[in-house]
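Okay, so here's the structure we're looking at.
Below, chains carry the letters A, B, ... as their sequence lines are ordered, and counting in each starts from 1. Note that this is a predicted model, so its numbers are computed, not measured.
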Number of protein chains: 4
Amino acid sequence: MVETTADSDLLDLRKGRPAAGQDPVKRAQIIEGARRVFIDKGFEAASMNDITREAGVSKGTIYVYFENKEELFEALIEEERGTIFKNLYEVLDHFDDLRKTLVKFGMGLSAKITSAKVIQAQRTVVGAADRIPELGARFYERGPKRGHDKVMAFLNQAVERGLLKIDDVDLAAYQFTELCLAGLFRQCIFSYRTKAPTQAEIERVVTSGVDVFLKAYATEKFLAEEKALQSA
Amino acid sequence: MVETTADSDLLDLRKGRPAAGQDPVKRAQIIEGARRVFIDKGFEAASMNDITREAGVSKGTIYVYFENKEELFEALIEEERGTIFKNLYEVLDHFDDLRKTLVKFGMGLSAKITSAKVIQAQRTVVGAADRIPELGARFYERGPKRGHDKVMAFLNQAVERGLLKIDDVDLAAYQFTELCLAGLFRQCIFSYRTKAPTQAEIERVVTSGVDVFLKAYATEKFLAEEKALQSA
Amino acid sequence: MVETTADSDLLDLRKGRPAAGQDPVKRAQIIEGARRVFIDKGFEAASMNDITREAGVSKGTIYVYFENKEELFEALIEEERGTIFKNLYEVLDHFDDLRKTLVKFGMGLSAKITSAKVIQAQRTVVGAADRIPELGARFYERGPKRGHDKVMAFLNQAVERGLLKIDDVDLAAYQFTELCLAGLFRQCIFSYRTKAPTQAEIERVVTSGVDVFLKAYATEKFLAEEKALQSA
Amino acid sequence: MVETTADSDLLDLRKGRPAAGQDPVKRAQIIEGARRVFIDKGFEAASMNDITREAGVSKGTIYVYFENKEELFEALIEEERGTIFKNLYEVLDHFDDLRKTLVKFGMGLSAKITSAKVIQAQRTVVGAADRIPELGARFYERGPKRGHDKVMAFLNQAVERGLLKIDDVDLAAYQFTELCLAGLFRQCIFSYRTKAPTQAEIERVVTSGVDVFLKAYATEKFLAEEKALQSA
DNA sequence: GATGAATGAGAATTCATTCAT
DNA sequence: AATGAATGAATTCTCATTCAT
């Protein structure tokens, strides 16, 4: 995160000219160009010249804002991750109907992760993971890992309420996620599918996945409640 | 695909010297060198010089056998795929104890797919999938897809025998696979895990995965039989 | 050379603010920064950014005071030369004991010219002499050449006093200087020696050099006087 | 030095195609181009592109023959040194007339070292000595230093023959060399002189230098012999 | 048919200089 | 008048591909 002292802030306001490498508009402009090029070509094949052209800034400027190609890429991924997983977990905050919540969340997750844009970003990270393993690790940690934690927290709540009976919540959380992506994720990153799955496909997968999950982990109590609800 | 005309075959027989780009031994030698380099460095970072050195053939020779770097990589992946998934599905041919078979197969699958070597190969394919989408598609098609078909066939058998009750076998097959890889695959390709999972980890995941799967899809008949077997 | 018009002088008086590129304090500040950087890194390796940082002024300001990097370097060398050879020739103003004076002067000269700082400056000038020949010429002219003139004047005095007998005083002056630097100068600029010679080394070289010089040029009169002095 | 096994030599003869980076003609061609550019512009200002153009080879080829710019420069200087000091010391092998030999050698030395070409090479080495100090050291060691040793050996002979009386032969050798270059060397490397000294100038300097040297170090025996010779 | 020396476009990065603020 | 963010040409070096031997 860019640090700005109160003084320089004042200066900014007065003069309207940000310090070197500090103009957030320019930074965003560079990252936007970088996004297009990196996502389009992958890390290695993307040239700083391409990014220069795409971002509409000079080469020197990029190097004022980012130490080197790698760092620029990292910054982009950092941003991308934030964008991708934003608003994804809000669904889990409202605890209404367990099955409905799981389906709703699962569909959001599945749609997000298999969207063309996100798949391409993930491909780029995976492709670069050989040369910059920490990058991939960081991406996973602050993205999927964080999501996993949220799911765990949610499942724990359900267990406490007596709706689910789970021995290994950690593993169950992974199982839930995978069930929501069943068959989709790998097809997408390997570009076997060249288009993102449709809403209908996702619904089919997620509904079935939640079914499986609940058959495995739901308590009698939950089933009874659900039955009562439906007959009402 | 290597094309061999009748003429060149004749030539082979007469002179004992294969036509240009036709010697399968040399071809294998090149691919073997390429494997080491590509797997080790990834597509872009691998240089044709490295491959030349590793394969022990001259640069010109490589270009006789393969149009360019990309094609060489494709050929390698084609081979690699075959090697990876070979012997993986034999377990499914013997139908003894359903649960045991599923666990055994699941563990083989999970261990294979998350092994360091295979993960790296997959990373390379994924990384290249943007530039050469058909490559990733073909990899998926002849690898995971074929496996998927085998699993479907197996599940169908189980359904016929009244052991499982599945509406959508295609989807169930995906679910089974994903459950066996729950949490492992993504951690590996993003290099969040830098080492392959241990046998114990895999066993834990697969056992639990099969549990979930059977709770969702097993018939009364299967459960009764299993109970009988255990009390015996 | 800095030009100051009557107008800007007036301006100076009126506003207390020097005209662009006219403030001698700032000029000195820039040159001081440039000295550190140029001497430390050499002409090419020194970056204007380094100088900016070292001098504590902005890049724009430097370009107000100096047309470009080359001119700044020239100005620095101009100054440096003055500093180096200052106070070096005072010894020659007192004419006491000829031998002692020659040794004393020779040692000062030798120590100065082979000091780490001066050697580096000379290296930089020599290195730049190809690209900016006048620079080297000017450096020589106002440095070594001026020293040479002082030595000539001194030797002429000694000749007039009947202490030396020299046909070609110009040449003899060169010979004297070279004898004082015998073996040292070239070793230093080629960085065969990485450290400046010690006082003892210099003393050895200069004493011997003066010996040789006097054996070649001293008159009977001088030798007699010296003998008398020693026996006294 | 390039190492060539007997085998590859045979290969060379048979096929007429040198191994990579082994063709002496191409190597010479590159060095020749490098010489022109380096000597003309100095180390830093010379670009590999310039050398490419001047040498008439491709950039890649240069990098096959030389690791990098620095190494190419070193190789050039190595060559240059060899060329410069070749045949310089032969004069000292014949011991005829001491004064004549010294003058003859001194003139050769002086002419060589102050020749335009050699001065420029020395300037380049000196200029680069800051960045690559070992280079300057090596140049000095294998050039001037070696010459110094030859002079010492010669002086020692003269001492043994009773022609010279020298306490510190090492120092005397330096003094002799410097006397032969008196006033010339520094004027040349600082480009105060833009042209090499004329033969007449050199003769004047060296003759006088030898005079001074002999006045300081010649024995009575030598002087007597010389007198006898002249009156003959 | 095989070789590997040569090619040269293109890579990332630097830095003297400019000019809007 | 002073600033320093932005520029982009120029730098060194790499490497897929070609083609004479």
Side-chain angles (χ1 to χ4, degrees), chain A residues 11 14-23 26 44-52 57-70 72, chain B residues 11 15 17-23 26 44-53 57-65 67-70 72, chain C residues 11 15 17-23 26 44-53 57-65 67-70 72, chain D residues 11 14-23 26 44-52 57-70 72:
Chain A
L11 220 71
R14 261 202 301 258
K15 301 256 218 163
R17 189 178 197 189
Q22 302 295 327
D23 184 349
K26 191 144 280 182
E44 312 263 4
S47 91
M48 290 303 263
N49 254 340
D50 295 340
I51 295 168
T52 275
V57 299
S58 81
K59 233 177 290 184
T61 302
I62 293 185
Y63 280 90
V64 167
Y65 282 77
F66 304 93
E67 194 78 15
N68 51 38
K69 194 183 176 185
E70 225 165 74
L72 170 58
Chain B
L11 218 70
K15 300 250 222 168
R17 188 183 197 182
Q22 301 296 332
D23 183 347
K26 190 146 279 184
E44 312 266 1
S47 89
M48 291 302 264
N49 251 338
D50 295 339
I51 295 168
T52 273
R53 201 180 313 111
V57 298
S58 82
K59 232 163 317 170
T61 303
I62 293 185
Y63 279 89
V64 168
Y65 281 79
E67 194 75 19
N68 52 34
K69 195 183 176 185
E70 228 164 66
L72 169 57
Chain C
L11 217 71
K15 301 252 222 165
R17 188 183 196 183
Q22 301 297 330
D23 183 348
K26 191 146 279 183
E44 312 267 0
S47 88
M48 290 302 264
N49 250 340
D50 295 340
I51 295 168
T52 273
R53 202 181 311 111
V57 298
S58 82
K59 227 155 337 158
T61 303
I62 293 184
Y63 279 89
V64 168
Y65 281 78
E67 194 74 19
N68 52 35
K69 195 183 177 185
E70 226 164 69
L72 169 58
Chain D
L11 220 71
R14 263 202 300 259
K15 300 255 218 164
R17 188 174 197 195
Q22 303 294 330
D23 184 349
K26 190 144 280 184
E44 313 264 3
S47 90
M48 291 303 264
N49 255 340
D50 295 340
I51 295 169
T52 274
V57 299
S58 82
K59 229 177 297 182
T61 302
I62 293 185
Y63 280 89
V64 166
Y65 281 78
F66 303 94
E67 194 77 16
N68 51 36
K69 193 184 176 184
E70 224 164 74
L72 170 57

Checklist line | Residue list, side-chain contact (heavy atoms from CB on, under 4.5 Å) with D:Lys69, at least two apart or on another chain | finding: D:Phe38, D:Phe43, D:Met48
Next item on the list: Rounded to 10°, tell me the angle between the two end axes of the helix from E:dA2-F:dT21 to E:dT21-F:dA2, each built from five pairs.
Entry: 10°
Note to self: What is the separation between atom CZ on A:Phe66 and atom P on F:dA5, rounded to the nearest whole Å?
What the structure shows: 15 Å
Checklist line | Rounded distance (nearest 0.5 Å) linking atom CD1 of C:Ile51 with atom NZ of C:Lys59 | finding: 11.0 Å
Check: Taking OH from C:Tyr65 and C1' from E:dT17, how many angstroms apart are they, rounded to a whole number?
Finding: 19 Å
Checklist line | Distance, rounded to the nearest Å, where C:Ile62 contributes CD1 and E:dC19 contributes C1' | finding: 16 Å
Note to self: Counting only side-chain nitrogens and oxygens, does A:Lys26 get under 4.0 Å of the OP1 or OP2 atom of F:dA6?
What the structure shows: yes
Next item on the list: Rounded to the nearest angstrom, tell me the gap between atom CZ in B:Arg53 and atom C1' in E:dG4.
Entry: 13 Å
Check: protein-nucleotides 11-13 of chain F nitrogen or oxygen pairs below 3.5 Å:
{"unit_1": "F:dT12", "atom_1": "OP1", "unit_2": "D:Ala46", "atom_2": "O", "d": "3.3"}
{"unit_1": "F:dT12", "atom_1": "OP1", "unit_2": "D:Lys69", "atom_2": "NZ", "d": "2.9"}
{"unit_1": "F:dT12", "atom_1": "OP2", "unit_2": "D:Met48", "atom_2": "N", "d": "2.9"}
{"unit_1": "F:dC13", "atom_1": "OP2", "unit_2": "D:Tyr63", "atom_2": "OH", "d": "2.7"}
{"unit_1": "F:dC13", "atom_1": "OP2", "unit_2": "D:Lys69", "atom_2": "N", "d": "3.2"}
{"unit_1": "F:dC13", "atom_1": "N4", "unit_2": "D:Lys59", "atom_2": "NZ", "d": "2.6"}

Note to self: With a cut-off of less than 4.0 Å, is there a side-chain N or O of A:Thr61 near OP1 or OP2 of F:dA6?
What the structure shows: no
Margin query: Taking salt bridge (charged side-chain N to carboxylate O under 4.0 Å, His left out) as the cut-off, I'd like each qualifying pair that reaches into residues 44-53 of chain C, sequence neighbours left out, listed once.
Written below: C:Lys41-C:Asp50, C:Glu44-C:Arg131, C:Asp50-C:Arg53
Check: Listed by chain and number, what are the side-chain contact (heavy atoms from CB on, under 4.5 Å) partners of D:Thr61, not counting sequence neighbours?
Finding: D:Lys26, D:Ile30, D:Val57, D:Ser58, D:Tyr65
Check: With C:Asn68, which residues qualify under side chain to side chain donor-acceptor pair (under 3.5 Å), at least two apart?
Finding: none
Checklist line | CD (C:Glu67) with more than 12 external heavy atoms under 6.0 Å | finding: no
Margin query: Heavy atoms from C-beta onward define the side chain here; which of F:dA6, E:dA6, E:dT3 lies closest to that of B:Ser58?
Written below: E:dT3
